[in-house]
Amino acid sequence: MFGFLEESALREDRILIELRCTYTESDVRRASYARSWKSGVIPLFVLMTLVVLPIVVWGLISDLASNNLSFQEVAVPSVLVLFLIVGWIHVTLLYPRRVFKEGFEPLGEVVYAFSDEGIEQTSSLNSSKLGWPLFRKAWESEEFFFVQLKGSRTSMVIPKRSFAEESQMLDVRALLHSKGLLKRAM
């Protein structure tokens, strides 16, 4: 069965929670930002900035004071700072915008149906039924649930704003926890 469900398996199974959402560019940007923090990309940029920038400024000030400034002493730190700025813009603005335009915007409304067997995701472009054995882990941020597939960095990103009631969110959290995917609740 490999985790994929037969066509009728999920339909016969009792749907516990059904959610409807339409992703916005802001959703994709904030989810990407949350994932980047969790994976360590943004903390790395912050650390590099906090380490490199003071060194660059201190070096330039001390060289200016001694009138001993060479091209390399200005160019190398400037390229490092420029790299950090461009990387930050890419991670926080450009990449999420491209992901939204190419991946989420064409989907329209997405319906997630959670059952004891797995998650069914349906949109105007496709439908997928994934059994719980296909998922590696789940985690949540203030605004999203992330359900990550095994052997992949790909996650289902479910906005918490798509829950009609607080009880639905608690039910999804409990279901993910019962399947061993969500280790701790937020």
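Just so it is clear, the values below take in all heavy atoms, side chains as well, and ignore hydrogens, waters and symmetry mates. Here, residue 1 is the first one in the sequence, and each next residue gets the next number.
Within the hydrophobic cluster formed by Ile, Leu, Val, Met, Phe, Trp and Tyr side chains joined at under 4.5 Å, directly or through other members, Leu170 stands alone, with no partner residue.
Of the possible polar contacts, none joining the Trp132 side chain to the Leu176 backbone as a donor-acceptor pair under 3.5 Å is found. Under a 3.5 Å cut-off, the side chain of Lys137 and the backbone N or O of Lys183 do not form any donor-acceptor pair. Looking at Asp171, its side chain never comes within 3.5 Å of a backbone N or O of Gln168 through a donor-acceptor pair. Checked by atom type and distance alone, the side chain of Ser123 pairs as donor or acceptor with a backbone atom of Leu125 at under 3.5 Å.
Between Val147 and Val157, every side-chain heavy-atom pair lies at or beyond the 4.5 Å cut-off. With contacts defined as side-chain heavy-atom distances shorter than 4.5 Å, the pair Ser162/Leu19 qualifies.
Closest heavy-atom contact between Asp27 and Pro159: OD2-CG, 4.3 Å. Here the closest non-hydrogen pair linking Ser127 and Thr122 is OG-OG1, 3.5 Å. Nearest approach of Leu175 to Ser115, heavy atoms of both residues: CD2-O, 3.9 Å. In this structure, His177 and Leu182 approach most closely via the heavy-atom pair ND1-O, 2.8 Å. The two residues Glu18 and Val111 have their closest heavy-atom pair at CG-CG1, 3.7 Å.
The hydrophobic cluster containing Trp139 does not contain Leu134, counting ILVMFWY residues as joined when their side-chain heavy atoms lie under 4.5 angstrom apart, directly or transitively. In this structure, Leu181 is a member of the same hydrophobic cluster as Met169, with clusters built from ILVMFWY side-chain heavy atoms closer than 4.5 Å.
Applying salt bridge (charged side-chain N to carboxylate O under 4.0 Å, His left out) to Lys160 and the options Glu140, Glu165, Glu142 leaves one that passes, Glu140. Partner of Glu25 under the salt bridge (charged side-chain N to carboxylate O under 4.0 Å, His left out) criterion, out of Arg98, Arg97, Arg30: Arg97 alone.
Atom CG of Leu16 is separated from atom CG of Asp116 by 5.0 Å, given to the nearest 0.5 angstrom. The structure places CZ of Phe163 at 8.0 Å from CZ of Arg173, a figure rounded to the nearest 0.5 Å. Summarising the geometry, atom CD belonging to Gln121 is positioned 8.5 Å from atom CD1 belonging to Ile119; distances are rounded to the nearest 0.5 Å.
Geometric assessment of Lys150 against the ring of Phe135 yields a negative cation-pi assignment under the 6.0 Å and 45° thresholds.
Outside the 6.0 Å centre-distance limit, the rings of Phe145 and Tyr112 are not counted as a close aromatic pair.
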**Report entry** Derivation and outcome, side-chain contact (heavy atoms from CB on, under 4.5 Å), residues Phe146 and Ile158
**Finding:** CA-CA 6 Å; Phe146 296 86; Ile158 303 161; over 6 Å; no
Query raised in the report: Run the side-chain contact (heavy atoms from CB on, under 4.5 Å) check on Met156 and Leu130 step by step: do they pass?
Result: CA-CA 11 Å; Met156 284 186 173; Leu130 302 172; 3.7 Å; yes
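Salt bridge status for Arg161 with Glu143: absent, with no side-chain N to carboxylate O gap under 4.0 Å.
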